[in-house]
Amino acid sequence: MPADQPDPKSARTRILAIETASEACSVALFEGGFGADLAERFEAPRLLANDHQVLGRGHAERLVPMIADLPDNGRADRILVSLGPGSFTGVRIGIATARALGFAWGAQVLGYPTLALVRQRAWQPTPRAVTVCMNGGHGEWFVQNFGADAQPQDEFRSLTPQAAKDACLHPVIAGNRAEQLAELFDDGRLALDLLPDASKANLLHETSLTRDLAPIYGRAPDAVPQAKKPL
């Protein structure tokens, strides 16, 4: 469910954003607040500091030091964390860290869908609808369509490249598989090669945030549990 809207009259809020769902690991610290509508914010969150690193692996080792390098060790009143879909390990690391910091600081912890953040990175002077296409593993891609108002038009799906082509509704494609998807068309679709970046979390609509911190995996885990050995 959408998170509660903060009181415009309340004290200035610090917001920490954590993004670990892809090969990128990023953190950002904002000051300000979120309104119910992008065009009617009571105070647009101001970016104080951020760090964005493309690691591939190693999020567990780098995330906490990256947060510690932010002003005041990243301490915030509100924490936003990516729920996925994306890397199983990365998503779990981000959520676990956000929960721990939220408990230690007495901060509100909210989750957001990774694909919504990628869509917000695809900023254009004239708002247009965007299809987000991200690596999903095992040769599949995570695909979701968003309208010009940045709201999702369907549920995300993990699809083969051909099925992703059929699902792609828009001439603008964003994500780390945008170029590959655009190459399947012969109509000159615009591909924006983007990874999620915590420094753009202030662009998320309040309705993208949730108190439910359940990971969004999008597909079954790679590992298969071993059968129990007989005693």
Side-chain angles (χ1 to χ4, degrees), residues 1-3 17-24 26 34 37-38 80-92 94-95 110-124 126-185 187 189-222:
M1 67 177 182
I18 297 173
E19 175 53 62
T20 56
S22 71
E23 57 265 43
S26 60
F34 287 78
D37 187 276
L38 289 173
L80 309 182
V81 62
S82 176
L83 301 178
S87 161
F88 292 97
T89 302
V91 168
R92 290 196 297 268
I95 293 175
L110 301 171
Y112 63 84
T114 305
L115 302 191
L117 182 59
V118 175
R119 188 266 172 257
Q120 293 306 93
R121 281 207 68 193
W123 182 88
Q124 301 158 79
T126 301
R128 287 185 286 177
V130 173
T131 297
V132 173
C133 184
M134 296 288 295
N135 183 51
H138 296 290
E140 294 192 341
W141 300 335
F142 293 126
V143 178
Q144 189 171 20
N145 295 288
F146 293 82
D149 60 357
Q151 295 300 304
Q153 297 176 308
D154 49 21
E155 298 294 327
F156 82 88
R157 289 165 285 173
S158 181
L159 303 172
T160 64
Q162 184 56 51
K165 178 183 178 183
D166 296 338
C168 180
L169 300 180
H170 305 305
V172 179
I173 308 171
N176 62 353
R177 289 294 177 264
E179 293 182 353
Q180 290 92 328
L181 179 55
E183 289 173 356
L184 300 180
F185 296 90
D187 54 6
R189 301 204 178 197
L190 174 62
L192 305 175
D193 185 8
L194 299 174
L195 287 169
D197 187 340
S199 69
K200 304 302 180 183
N202 62 325
L203 300 178
L204 288 167
H205 194 281
E206 186 77 5
T207 57
S208 296
L209 308 181
T210 177
R211 297 180 188 277
D212 182 0
L213 300 182
I216 303 172
Y217 289 136
R219 56 183 174 81
D222 296 336

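Just the heavy atoms: all of them, side chains too, but no hydrogens, waters or symmetry mates, feed the values below.
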Heavy-atom distance under 4.5 Å between the side chains of F156 and P85, does that happen here?
yes

Please check if the side chain of [X] supplies one atom and the backbone of [Y] the other of a donor-acceptor pair under 3.5 Å.
| X | Y | answer |
| --- | --- | --- |
| R121 | P196 | no |
| S26 | A198 | yes |
| H205 | T207 | yes |
| D154 | N145 | yes |

Of all heavy-atom pairs between [X] and [Y], which one has the smallest distance, and what is that distance?
| X | Y | answer |
| --- | --- | --- |
| A21 | T114 | CB-OG1, 3.4 Å |
| A148 | R119 | O-NH2, 3.9 Å |
| S82 | E19 | CB-OE1, 3.0 Å |
| A178 | A174 | CB-C, 3.8 Å |
| F142 | G136 | CE1-CA, 3.4 Å |
| V172 | A129 | CB-O, 3.9 Å |

Between V118, V143, L115, L159, which is the residue that forms a side-chain contact (heavy atoms from CB on, under 4.5 Å) with C133?
V143

To the nearest 0.5 Å, tell me how far [X] [atom1] sits from [Y] [atom2].
| X | Y | atom1 | atom2 | result |
| --- | --- | --- | --- | --- |
| L80 | N202 | CG | CG | 9.5 Å |
| L117 | L204 | CG | CG | 5.0 Å |
| Y112 | I216 | OH | CD1 | 11.0 Å |
| Q162 | L181 | CD | CG | 10.0 Å |
| Q144 | T131 | CD | OG1 | 10.0 Å |

How are the rings of F88 and Y217 set to each other: parallel, tilted or perpendicular (split at 30° and 60°)?
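Plane angle between 30° and 60°, so tilted.
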
Verdict with supporting geometry, R128 and L190, side chain to side chain contact (heavy atoms under 4.5 Å, CB included):
CA-CA 12 Å; R128 287 185 286 177; L190 174 62; 4.0 Å; yes

Decide whether N176 and N135 meet the rule of one side-chain donor and one side-chain acceptor closer than 3.5 Å.
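No pair is found: no donor N or O on one side chain lies under 3.5 Å from an acceptor on the other.
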
Examine the side chains of S199 and D197 and answer whether a donor and an acceptor come within less than 3.5 Å of each other.
yes

Set out, in order, the CA-CA distance, both residues' side-chain angles and the distance that settles side chain to side chain contact (heavy atoms under 4.5 Å, CB included) for Q120 and S208, then state yes or no.
CA-CA 11 Å; Q120 293 306 93; S208 296; over 6 Å; no

Working for side chain to side chain contact (heavy atoms under 4.5 Å, CB included), residues Q180 and W141
CA-CA 10 Å; Q180 290 92 328; W141 300 335; 3.7 Å; yes

For L192 and V130, what are the C-alpha separation, side-chain angles and deciding distance, and is it a side chain to side chain contact (heavy atoms under 4.5 Å, CB included)?
CA-CA 10 Å; L192 305 175; V130 173; 6.0 Å; no

